[in-house]
Each structure stands twice: as C-alpha cells, then as structure tokens.
There are 2 protein chains.
Amino acid sequence: MLNLPFKALADPTRRKIVLLLKERDMTAGEIADQFDMTKPSISHHLNALKQALLVTDNRKGQNIYYSLNTTVFQEVVKWFFNTTRVNEGGKADAEDK
Amino acid sequence: MLNLPFKALADPTRRKIVLLLKERDMTAGEIADQFDMTKPSISHHLNALKQALLVTDNRKGQNIYYSLNTTVFQEVVKWFFNTTRVNEGGKADAEDK
DNA sequence: TAGATATTTAGACAGTTGTCTAAATATCTA
DNA sequence: TAGATATTTAGACAACTGTCTAAATATCTA
C-alpha cells in the first residue's frame with residue numbers, strides 16, 4: 001500500500017531527510033544537526049519514514065545509521081508514471097494499491 | 001513550492017480523484033458518485049487539489065468540470081527523479097523548492 | 001419567477017500530526 | 001561500574017484534517 005509513503009512524504013522535513021539520505025547514509029544525530037528542531041522531533045520523523053519503509057536503520061555502536069530504501073521509492077514513482085502517461089495508449093494499471 | 005501538491009496527494013481519496021481525472025474530465029457530481037462520501041466532502045477534496053494546482057475547474061452551465069493539470073505533476077515527478085537517481089553522476093539539483 | 005438540479009460554503013467535531021520537555025534505554029570508555 | 005554520549009520513548013498540547021449536516025449560491029427550465 002502506498003498510503004504510508006505518501007503520507008510520509010507530505011512533510012517537508014521528511015522530504016529533506018530523504019534528500020540527505022540520497023547523498024549518503026547518516027546517523028540520527030547527523031541528520032538532526034541539519035535541522036533547527038529537537039532530536040526527539042527528528043526521531044519521530046525518522047520513525048514515520050521507517051514505518052513507510054522509505055528508510056532502514058542499522059545500529060553501529062552508539063550510532064544508528066539511516067539509509068534510503070529505494071525500492072519503495074520506485075513504487076511511488078510508478079504511481080506517478082501511471083498518472084502522467086495520459087492518453088498514451090494501454091490502460092496503465094493505475095490502481096492505488 | 002511542492003508542499004501543497006505533496007500534501008494534497010497524501011490523501012487516498014484525492015489520489016483516486018487524480019486517477020479518475022487521468023482518464024477523462026469529470027463534473028464534481030460524477031466524481032462524487034465514485035465515492036461513498038457526501039458531496040461537500042468531495043468538494044473539500046477537490047478544493048485541496050485545486051489549491052495545489054493539481055486540477056483546474058471550469059463551469060459549463062450547472063456543472064463544474066474538473067481536469068488534471070499535468071504541469072504540476074511533472075514538477076513532483078522531477079522531485080522523485082532527483083531523489084531516485086542515486087549515484088548516477090552529477091549533483092542532481094535536488095532542493096525542495 | 002418558482003422550482004429543480006449542481007455545487008460550494010459555513011460551522012461543528014473527533015481524530016491525527018508535529019512539536020516540545022523530561023525521562024528511559026543502549027553503548028562506549030576510563 | 002560510573003559517567004558520557006547517542007538515540008528513542010512517553011506524555012502533553014496546539015494546530016491541522018477529514019468528515020458531516022444545514023444552508024447558501026449558481027444555473028437551467030417550465
């Protein structure tokens with residue numbers, strides 16, 4: 001289901017986190033440093049992204065590294081392709097599954 | 001700014017409306033008929049899509065026809081391209097503007 | 001103009017969301 | 001083991017969202 005990913009991406013802070021993780025894996029603390037917001041708030045956003053399966057986390061000692069899960073992204077991108085290919089022949093299997 | 005479109009697409013009812021309008025322009029009433037929801041509620045969703053510039057409306061007599069605005073869609077798709085093209089060379093201008 | 005049809009606006013209300021502070025948990029190191 | 005560091009969990013709270021009913025607005029037609 002695409003509902004959680006779409007809801008996760010509705011927040012600008014979470015979209016920015018995604019862009020950060022696109023460049024490289026980062027620890028929760030490194031991510032938090034990029035925002036004018038408390039660490040618990042960032043932790044909450046990371047959890048939303050994790051619930052949506054858009055990121056994965058991996059503890060290494062004291063740090064927890066977050067990584068982008070591109071697989072779920074592809075699914076969201078597909079939804080957009082189904083939507084934007086208007087009148088290009090062939091019913092494009094465009095359900096919101 | 002992409003915030004309104006992303007927020008608009010966070011709701012499953014609105015995503016379904018978008019898929020309907022992908023096939024053909026429809027009146028508010030025709031759209032409402034596809035849902036188990038009151039017309040004021042659908043009107044509210046249509047307004048959210050309109051505020052996000054994802055759809056346009058056009059009155060014809062008693063009816064108001066809604067159409068998909070593919071231009072704004074392209075912008076959202078671009079955001080995903082900037083995000084998914086990981087490690088494919090060239091810093092991909094990936095700000096959330 | 002009166003009545004019917006199409007749609008939106010207004011206002012209420014419960015549920016969800018984003019943020020915070022305080023406290024808890026996990027790990028490392030001296 | 002004690003203290004320092006990294007991160008999350010718990011709980012509170014204001015703001016936002018999605019839904020509804022009732023009423024208003026716009027248009028058509030007899």
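Labels below follow one simple rule: chain letters A, B, ... track the order of the sequence lines, proteins then strands, and each chain is numbered from 1.
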Whole-Å distance between [N] [atom2] and [X] [atom1]?
| X | N | atom1 | atom2 | answer |
| --- | --- | --- | --- | --- |
| A:I17 | C:dG18 | CD1 | C1' | 12 Å |
| B:I42 | D:dG18 | CD1 | C1' | 11 Å |
| B:N63 | C:dA4 | CG | C1' | 14 Å |
| A:L49 | C:dG18 | CG | C1' | 14 Å |
| B:D33 | C:dT7 | CG | C1' | 13 Å |
| B:N3 | D:dC16 | CG | P | 12 Å |
| B:N58 | C:dA6 | CG | P | 18 Å |
| B:K50 | C:dT8 | NZ | P | 7 Å |

Are side-chain heavy atoms of [X] and [Y] found at a separation under 4.5 Å?
| X | Y | value |
| --- | --- | --- |
| B:Y65 | B:R59 | no |
| A:K7 | A:N3 | yes |
| A:L21 | A:D25 | no |
| B:L68 | B:T56 | no |
| B:N58 | B:Y66 | no |

In this structure, OG1 of B:T13 is separated from CE of B:M37 (nearest 0.5 Å) by 3.5 Å

To the nearest 0.5 Å, what is the distance between CG (A:N69) and CD (A:E75)?
-> 10.5 Å

What pairs of donor and acceptor atoms, side-chain ones from residues 38-55 of chain B against any protein atom, are under 3.5 angstrom apart with sequence neighbours left out?
from	atom 1	to	atom 2	distance (Å)
B:T38	OG1	B:S41	N	3.4
B:T38	OG1	B:S41	OG	3.0
B:H45	ND1	B:R14	NH1	3.1
B:K50	NZ	B:D57	OD2	2.9

Could you label the plane-to-plane angle of the A:F6 and A:F80 rings as parallel, tilted or perpendicular, counting under 30° as parallel and over 60° as perpendicular?
-> tilted

Protein-nucleotides 19-21 of chain C N/O pairs closer than 3.5 Å?
from	atom 1	to	atom 2	distance (Å)
C:dT19	OP2	A:H45	NE2	2.3
C:dC20	OP2	A:T38	N	3.1
C:dC20	OP2	A:T38	OG1	3.1
C:dC20	OP2	A:S41	OG	2.8

Partners of A:R24 by salt bridge (charged side-chain N to carboxylate O under 4.0 Å, His left out), sequence neighbours excluded?
->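 Here the qualifying residues are A:E30.
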
Going by the salt bridge (charged side-chain N to carboxylate O under 4.0 Å, His left out) test, which pairs reach into residues 61-70 of chain B, not counting sequence neighbours?
-> none

Give A:K7 one of three labels, base, sugar-phosphate or nothing, depending on what nucleic acid heavy atoms sit under 4.0 Å from its own.
->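 Sugar-phosphate, backbone atoms only, no base.
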
Please work out if A:Y66 contacts a base, only the sugar-phosphate, or nothing of the nucleic acid, heavy-atom cut-off 4.0 Å.
->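 Sugar-phosphate only.
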
Both distances under 3.5 Å, Watson-Crick or G-U wobble: on that basis, could you give the dot-bracket string for DNA chain C, with [ ] for crossing pairs and | for other-strand partners?
-> ||||||||||||||||||||||||||||||

Reckon A:N47 has a side-chain N or O less than 4.0 Å from the OP1 or OP2 of D:dT8?
-> no

OP1 or OP2 of D:dT9 under 4.0 Å from side-chain N/O of A:S43 |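 No, outside the criterion.
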
When clusters are formed by joining ILVMFWY residues with side-chain heavy atoms under 4.5 Å apart, either directly or through shared neighbours, do A:F73 and A:L4 land in the same one?
-> no

All N/O pairs under 3.5 Å across the protein-nucleotides 24-29 of chain D interface:
from	atom 1	to	atom 2	distance (Å)
D:dT27	O2	B:Q62	NE2	3.2

